[in-house]
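Below is one structure, written out as structure tokens, with a few remarks after it.
Quick caveat: nothing in here was measured; it's all calculated off a predicted structure.
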Amino acid sequence: MKKNSLLIHGGISTDEKTGAVNVPIYQTSTYKQSKFGENTGYEYSRTGNPTREALEKLIADIEGGTRGFAFASGLAAISAVLSLFKSGDKILITNNLYGGTFRILNQVFSNFNIKYEIVDDFDKLDKQIKDDVKAVFIETPTNPLLDVIDIKKVSSIAKSKGILTIVDNTFMSPYLQNPLLLGADIVVHSATKYLGGHSDLVAGLAIVKDEELGEKLHFIQNATGGILQPFDSFLLIRGIKTLSVRMDRHEENARFIADKLSRSTNIKKVYYTGLKNHPGHEIQKSQASGFGGVISFVLNDDLNFKRFVEGLELITFGESLGGVESLACHPASMTHATLPKELRERIGITDNLIRISVGIEDKEDILEDIQKALILAGGKDEIL
């Protein structure tokens with residue numbers, strides 16, 4: 001099936017017993033066992049639930065993996081993946097990784113002597129892979145500076161060194177990018193974002209290419225218990241069915257806004273992979289079928305960034321991204337506040353950096369809201 005059809009009909013898309021076109025919400029904690037040692041394939045909902053299973057098979061199908069796993073949040077999914085490693089192992093990470101991922105490595109898994117090292121230049125990745133390195137964990141595009149990393153190249157280097165490649169695919173979604181098909185071993189999503197799409201659930205997903213790795217991750221999922229509940233699994237399946245039409249609109253609007261802001265005298269710099277002058281534009285075109293719906297930009301130094309975010313009306317100032325509504329974020333004080341200040345400033349996450357998850361509202365209304373906020377922040381009144 002083509003991607004648009006797979007989003008709707010992948011995995012377990014109907015109820016076998018009744019013919020219902022939506023998999024029911026199996027709101028149960030346990031299951032009747034007819035005899036000793038005999039069951040229907042389900043024993044306890046931490047281990048397996050039909051609604052969650054339908055979601056897990058769906059995400060495996062649309063990411064091109066062998067097994068999918070649903071968790072209570074994106075960070076729960078990442079925690080399960082990191083639990084594959086043991087004391088003394090090191091993981092290489094991108095320098096503007098999502099702050100929550102950095103925090104869990106820096107302040108939680110470090111307690112178990114699982115180490116990390118930041119990679120500033122992926123062209124020199126092979127030189128940083130020493131004997132204790134067991135995985136490379138990347139986002140592409142990165143959050144929030146939208147750096148593009150060549151998944152195929154990184155995966156090839158990692159494979160030659162016998163280590164895993166883990167890709168956070170939240171920004172692109174499996175509609176636009178499939179890292180497993182480019183050589184990655186594990187893909188993670190904050191499904192709260194584009195996959196859910198409506199800012200009404202919190203969920204995480206992990207997908208693996210290798211069946212043996214899948215068995216290990218299922219053991220961790222069952223043993224640690226951070227599973228997604230049936231109702232949220234149902235909502236997430238529903239969200240995925242409209243992923244393609246939403247992502248098309250998100251991208252259409254984001255490209256429009258990015259182009260307009262790149263012409264603004266109030267903006268110092270615009271980060272969006274769809275702009276031809278973005279240094280990762282060509283790699284993005286080669287490994288994904290689009291550029292996504294997130295843009296970041298730097299306000300001129302004389303603009304008041306607090307007044308800007310407080311001046312937004314249509315665009316909501318808040319955490320998260322990927323919902324149908326446009327959302328503005330101040331990375332330095334929100335998503336990336338856990339990064340050391342010197343690291344933030346070194347890589348470009350400054351106080352006047354704003355990230356916008358462009359929603360599916362009318363693009364002219366979004367632009368007008370940004371322009372009004374720029375004027376309130378002390379910017380020039382201009383026609384874009």
Side-chain angles (χ1 to χ4, degrees), residues 73-75 96-101 139 141-146 168-173 175-176 189-204 235-236 239-240 242-243 245-258 260-261 267 270-274 290-299 305-338 349-374 376-377:
S73 69
L75 280 171
N96 59 108
L97 199 68
Y98 166 56
T101 306
E139 296 172 2
T142 58
N143 179 9
L145 298 177
L146 299 162
D168 186 332
N169 199 29
T170 299
F171 268 31
M172 284 293 96
S173 87
Y175 176 63
L176 295 178
H189 288 274
S190 172
T192 310
K193 313 305 193 290
Y194 287 112
L195 288 165
H198 294 79
S199 302
D200 57 4
L201 64 88
V202 174
L235 286 178
L236 191 47
I240 289 171
T242 61
L243 179 64
V245 290
R246 288 187 287 105
M247 288 305 299
D248 286 344
R249 174 64 75 86
H250 282 300
E251 181 167 331
E252 175 191 338
N253 286 358
R255 294 179 76 163
F256 172 80
I257 298 298
K260 293 294 186 180
L261 292 185
I267 304 295
V270 177
Y271 298 92
Y272 183 63
T273 61
F291 304 103
V294 176
I295 63 174
S296 294
F297 53 90
V298 181
L299 301 175
F305 67 89
K306 291 182 179 178
R307 287 182 185 171
F308 173 80
V309 296
E310 290 169 358
L312 296 169
E313 294 180 357
L314 176 74
I315 301 170
T316 302
F317 178 48
E319 301 273 3
S320 200
L321 60 99
V324 291
E325 64 287 309
S326 293
L327 288 164
C329 167
H330 182 247
S333 64
M334 296 167 77
T335 56
H336 291 71
T338 57
I349 303 177
T350 56
D351 282 344
N352 53 347
L353 176 75
I354 306 295
R355 189 194 75 190
I356 290 187
S357 169
V358 183
I360 66 172
E361 305 97 339
D362 187 286
K363 59 189 177 184
E364 296 285 354
D365 288 337
I366 300 170
L367 179 63
E368 182 182 346
D369 198 44
I370 293 172
Q371 287 180 301
K372 286 180 179 178
L374 286 169
L376 289 171

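- In this structure, Glu319 CD and Cys329 SG are separated by 6.0 Å, a value rounded to the nearest 0.5 Å.
- Nearest heavy atom pair, residue Ser173 against residue His189, reads CA-CE1, 4.0 Å.
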**Study point:** Evaluation steps, side-chain contact (heavy atoms from CB on, under 4.5 Å), between Arg246 and His198
**Key:** CA-CA 10 Å; Arg246 288 187 287 105; His198 294 79; 3.9 Å; yes

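- Of the possible donor and acceptor atoms, none in the side chain of Asn253 sits under 3.5 Å from a partner among the backbone N and O of Gly293.
- Among Leu145, Asn143, Ile349, Ile295, the single residue meeting the side chain to side chain contact (heavy atoms under 4.5 Å, CB included) criterion with Arg355 is Asn143.
- Residues Ile257 and Ile356 are not in side-chain contact: their nearest non-hydrogen atoms beyond the backbone lie 4.5 Å or more apart.
- Taking each heavy atom of Pro141 and Leu146 in turn, the nearest pair found is CB-CD2, 3.7 Å.
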Review point. Tyr271 and Leu353: side-chain contact (heavy atoms from CB on, under 4.5 Å), yes or no, with the steps?
Key: CA-CA 10 Å; Tyr271 298 92; Leu353 176 75; 3.9 Å; yes

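- Donor-acceptor pairing under 3.5 Å is lacking for the side chains of Thr170 and Glu139.
- Panel note: side chain His336, backbone Leu97; a donor-acceptor pair is recorded below 3.5 Å.
- The distance from atom CG of Asp365 to atom CG of Asp369, rounded to the nearest 0.5 Å, is 8.5 Å.
- When all heavy atoms of Asn352 and Leu299 are compared, the closest pair comes out as ND2-O, 2.7 Å.
- Thr192 places a side-chain N or O within 3.5 Å of a backbone atom of Ala203 that can act as its donor or acceptor partner.
- By the 4.5 Å heavy-atom criterion applied to side chains, Pro144 and Thr335 are not counted as neighbours.
- You'll find the side chain of Asn169 stays beyond 4.5 Å of the side chain of Leu176, heavy atoms only.
- Rounded to the nearest 0.5 angstrom, Leu374 CG and Leu261 CG are separated by 7.0 Å.
- Nearest heavy-atom pair, Thr142 versus Phe171, reported as atom, atom and distance to 0.1 Å: O-CE2, 3.8 Å.
- Using a 4.5 Å cut-off on side-chain heavy atoms (C-beta onward), Val245 and Ile360 make no contact.
- Residue Leu376 comes nearest to Arg307 through the heavy atom pair O-CD, 3.7 Å, listed as atom of the first residue, atom of the second, then distance.
- Side-chain contact between Val294 and Tyr194 is present, with heavy atoms from C-beta onward closer than 4.5 Å.
- Lys363 NZ to Arg249 CZ: the interatomic distance, rounded to the nearest 0.5 Å, is 8.5 Å.
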Contacts table for residues 308-316: side-chain donor-acceptor under 3.5 angstrom, sequence neighbours left out:
none

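- How far CD of Glu361 is from NE2 of His250: 9.0 Å, rounded to the nearest 0.5 Å.
- In this structure, Ser326 contributes its side chain and Gly359 its backbone to a donor-acceptor pair below 3.5 Å.
- Scanning both residues, Ala332 and Asp351, for their nearest heavy atoms gives CB-OD1, 3.8 Å.
- A donor-acceptor pair under 3.5 Å links the side-chain atoms of Tyr272 to the main chain of Gly292, judged by distance alone.
- For the atom pair Leu321 CG and Ser199 OG, the distance stands at 9.0 Å (nearest 0.5 Å).
- In this structure, Tyr175 and Asp248 have side chains that are in contact, with non-hydrogen atoms separated by less than 4.5 Å.
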